[in-house]
Protein chains: 2
Amino acid sequence: MLSLAEENYLKAIYHLHHENNKAVSTNDLSSLLDTKASSVTDMLKKLADKSLVVYKKYQGVKLSDRGENTALKVIRKHRLWEVFLVEKLNFNWDEVHDIAEQLEHIQSEKLTDELDRFLDYPKRDPHGDPIPNKDGQFEVANKTMLSELEIGESGICIGVKDSSSAFLNYLDKQAIALGKTLTVKEKESFDQSMLVAYDNKVLRLSEQATQNLYIKPNH
Amino acid sequence: MLSLAEENYLKAIYHLHHENNKAVSTNDLSSLLDTKASSVTDMLKKLADKSLVVYKKYQGVKLSDRGENTALKVIRKHRLWEVFLVEKLNFNWDEVHDIAEQLEHIQSEKLTDELDRFLDYPKRDPHGDPIPNKDGQFEVANKTMLSELEIGESGICIGVKDSSSAFLNYLDKQAIALGKTLTVKEKESFDQSMLVAYDNKVLRLSEQATQNLYIKPNH
DNA sequence: ATAATTTTTTAGACTTGTCTAATAATTTTC
DNA sequence: GAAAATTATTAGACAAGTCTAAAAAATTAT
Ligand SMILES: [Mn+2]
Ligand SMILES: [Mn+2]
Ligand SMILES: [Mn+2]
Ligand SMILES: [Mn+2]
């Protein structure tokens with residue numbers, strides 16, 4: 001059975017690997033996990049000994065099949081608990097991440113699967129991220145960044161890249177939520193900001209905002 | 001913030017203290033927690049440094065007010081999660097303890113209180129144990145051991161002392177559940193076993209069984 | 001009241017996961 | 001292609017929580 005620390009490393013390696021599609025560097029792990037690089041090196045050796053990662057000195061690290069499987073289980077739990085907190089316990093989407101970071105380490109396959117059933121097998125978490133099923137499979141959505149849309153194009157907001165409280169609160173304040181249809185009215189070449197229409201309003205969104213909103217484009 | 005180990009010690013001290021109403025010994029803690037006595041001594045010193053317990057060498061340990069408060073919070077969480085698992089996730093009462101041992105350490109007051117609300121402020125857990133409210137208060141039931149009842153007396157089964165899987169499974173097999181009315185028909189002085197009537201049957205219960213069933217006596 | 005037994009504490013060690021400081025390898029710059 | 005900068009690893013230390021073995025205190029028995 002894996003420790004909390006080991007599970008967190010596997011999850012971090014999974015996320016970083018699927019961001020850039022190449023071996024994950026010690027420093028990237030160190031900054032994501034908020035630990036020193038030397039601690040990361042130590043842990044990578046341990047994970048390699050347990051055949052959870054493939055690690056060669058100075059060449060970064062990748063998950064083994066077993067490692068990826070384990071990471072997906074942790075991610076599944078994280079996202080299911082986030083759904084539970086929002087759907088059943090009245091939490092807002094900006095409040096759930098830290099608690100899910102704790103709950104994702106609870107060990108009980110029956111608990112996970114019963115929770116999944118209780119929530120009616122949700123496909124996405126409150127931030128739009130896909131929830132792996134019991135076998136680790138999940139649906140990849142057809143999505144682009146809002147910043148990629150051209151003037152006149154529109155699409156449905158289906159997720160956030162940055163799920164920090166700060167960004168989620170900003171979206172709440174602007175009444176931008178998952179499921180809303182956004183239409184690009186103008187793009188400012190000076191600062192890449194956009195005028196975006198939705199509901200009955202038009203709003204200017206900064207580049208930081210448009211580069212963190214996932215859109216399912218219409219057509 | 002307290003570690004998982006510290007919380008488990010506080011909870012163990014709480015339970016042992018309220019069993020015998022006297023200072024808790026190192027060996028009793030050691031056997032309940034399944035650690036060596038020397039480890040217990042080490043931890044008691046740490047807890048005393050943090051003013052969570054009152055500890056004097058060779059004289060056992062008691063909880064401070066802060067320590068008792070903390071223990072009650074952990075117990076509250078443990079029992080609320082047990083209710084959740086049974087009421088919402090289809091768990092049987094003999095399957096919930098080990099998972100609740102993990103869930104009781106999740107840190108979020110809002111989570112605990114929302115869970116309480118979601119479950120409709122339950123007063124007792126699946127084993128009949130009282131659930132402390134937000135302020136640590138709980139209802140003490142008027143109860144005796146089944147073994148204390150005289151022939152002809154009856155009462156409602158409201159809890160178990162031993163909540164091991166083995167005992168709970170045995171009760172399931174005999175269809176003895178919380179809420180059932182039991183009537184003592186005979187007591188055997190040789191082995192303290194009892195003939196007990198409930199539903200439409202009469203059953204012989206051993207001393208081990210009758211000393212682990214809590215009864216709310218009629219009148 | 002001494003001896004024997006039991007309980008508890010101390011001393012020293014080990015594991016996990018982390019850190020700092022120093023060193024080594026790799027990559028970038030000129 | 002050497003020097004400089006960056007990235008990664010090693011060496012040695014530390015805190016938490018545990019262990020074994022030995023010593024000390026308390027309790028029980030004679
Ligand atoms: Mn999250
Ligand atoms: Mn999420
Ligand atoms: Mn329990
Ligand atoms: Mn219980």
Side-chain angles (χ1 to χ4, degrees), chain A residues 1-14 16-17 19-63 67 70-71 74 101-102 104-107, chain B residues 1-13 16-17 19-20 22-63 67 70-71 74 101-102 104-107:
Chain A
M1 232 199 46
L2 299 184
S3 71
L4 188 143
E6 290 170 323
E7 289 193 341
N8 282 336
Y9 273 90
L10 293 179
K11 197 173 48 130
I13 295 166
Y14 180 93
L16 290 173
H17 180 62
E19 248 172 45
N20 314 311
N21 230 42
K22 57 186 224 282
V24 176
S25 76
T26 301
N27 269 0
D28 285 354
L29 278 167
S30 142
S31 73
L32 182 58
L33 292 169
D34 203 25
T35 53
K36 299 297 166 182
S38 54
S39 308
V40 172
T41 302
D42 286 348
M43 180 58 95
L44 294 184
K45 286 184 199 160
K46 287 179 208 160
L47 293 174
D49 286 347
K50 296 189 177 185
S51 303
L52 292 161
V53 302
V54 179
Y55 167 64
K56 289 226 186 72
K57 269 196 204 178
Y58 294 103
Q59 298 185 210
V61 71
K62 288 190 301 185
L63 292 176
T70 308
V74 177
E101 284 293 316
Q102 301 179 59
E104 72 190 4
H105 302 292
I106 303 291
Q107 302 287 357
Chain B
M1 231 197 50
L2 299 184
S3 71
L4 187 145
E6 291 170 322
E7 290 192 342
N8 281 337
Y9 273 90
L10 293 178
K11 196 172 51 129
I13 296 166
L16 291 172
H17 180 62
E19 250 173 43
N20 315 310
K22 58 188 224 279
V24 175
S25 76
T26 301
N27 270 0
D28 284 356
L29 278 168
S30 143
S31 72
L32 181 59
L33 292 169
D34 202 26
T35 53
K36 299 296 166 182
S38 54
S39 308
V40 173
T41 302
D42 285 348
M43 181 57 95
L44 294 184
K45 285 183 198 160
K46 287 179 208 159
L47 293 173
D49 285 348
K50 296 187 176 184
S51 303
L52 292 161
V53 302
V54 179
Y55 168 62
K56 290 226 186 71
K57 268 194 202 178
Y58 294 104
Q59 298 183 211
V61 71
K62 287 190 302 184
L63 293 175
T70 308
V74 177
E101 284 293 316
Q102 300 179 59
E104 73 189 4
H105 302 290
I106 303 291
Q107 303 285 357

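Proteins get letters first, then strands, A, B, ... in listed order; numbering begins at 1 in each.
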Touch class at under 4.0 angstrom, heavy-atom based, for Thr41(A) against every strand present: base
Touch class at under 4.0 angstrom, heavy-atom based, for Thr35(B) against every strand present: sugar-phosphate
Separation of dT7(D) P from Leu32(A) CG (nearest whole Å): 16 Å
Euclidean distance, atom NZ of residue Lys36(B) to atom P of dC19(D) [Å, nearest integer]: 7 Å
Thr26(A) side chain near dT9(D) phosphate (N/O to OP1/OP2, under 4.0 Å): yes
Pairwise distance CG(Leu29(A)) to OG(Ser39(A)) - rounded to 0.5 angstrom: 11.5 Å
Shortest side-chain distance from Ser25(A), nucleotide among dA8(D), dC19(D), dT18(D): dA8(D)
Tyr58(A) side-chain N/O to dT10(D) phosphate OP1/OP2 under 4.0 Å: no
Straight-line distance of Lys57(B) NZ to Leu44(B) CG, nearest 0.5 Å: 13.0 Å
Between dA16(D) (P) and Asp42(B) (CG): distance, integer Å: 12 Å
Which residue lies more 5' along DNA chain D, comparing Lys46(B) with Ser38(B) via nearest heavy atoms: Lys46(B)
Intermediate values then yes/no, side-chain contact (heavy atoms from CB on, under 4.5 Å), Asn8(A) and Leu4(A): CA-CA 6 Å; Asn8(A) 282 336; Leu4(A) 188 143; 3.5 Å; yes
Interatomic distance where CG belongs to Leu44(B) and P belongs to dA16(D) [whole Å]: 16 Å
Residue list, side chain to side chain donor-acceptor pair (under 3.5 Å) with Glu7(A), at least two apart or on another chain: His105(A), Gln107(A)
Boundaries of the chain B footprint along DNA chain C (any atom under 4.0 Å from a heavy atom): dT7(C) to dT10(C)
Watson-Crick or G-U counterpart of dA29(D), or none if no pair lies under 3.5 Å: dT2(C)
Separation of atom CG in Asn27(B) from atom P in dT27(D), rounded to whole Å: 13 Å
Touch class at under 4.0 angstrom, heavy-atom based, for Lys57(A) against every strand present: sugar-phosphate
Flag side-chain contact, heavy atom, 4.5 Å: Ile106(A) against Ile106(B): yes
Spacing of Asn8(B) atom CG relative to dA16(D) atom C1', expressed in whole Å: 14 Å
Nearest-0.5 Å distance that lies between atom NZ in Lys36(B) and atom OG1 in Thr26(B): 14.5 Å
Contacts of Lys50(B) that satisfy salt bridge (Lys or Arg N to Asp or Glu O under 4.0 Å) - sequence neighbours left out: Glu6(B)
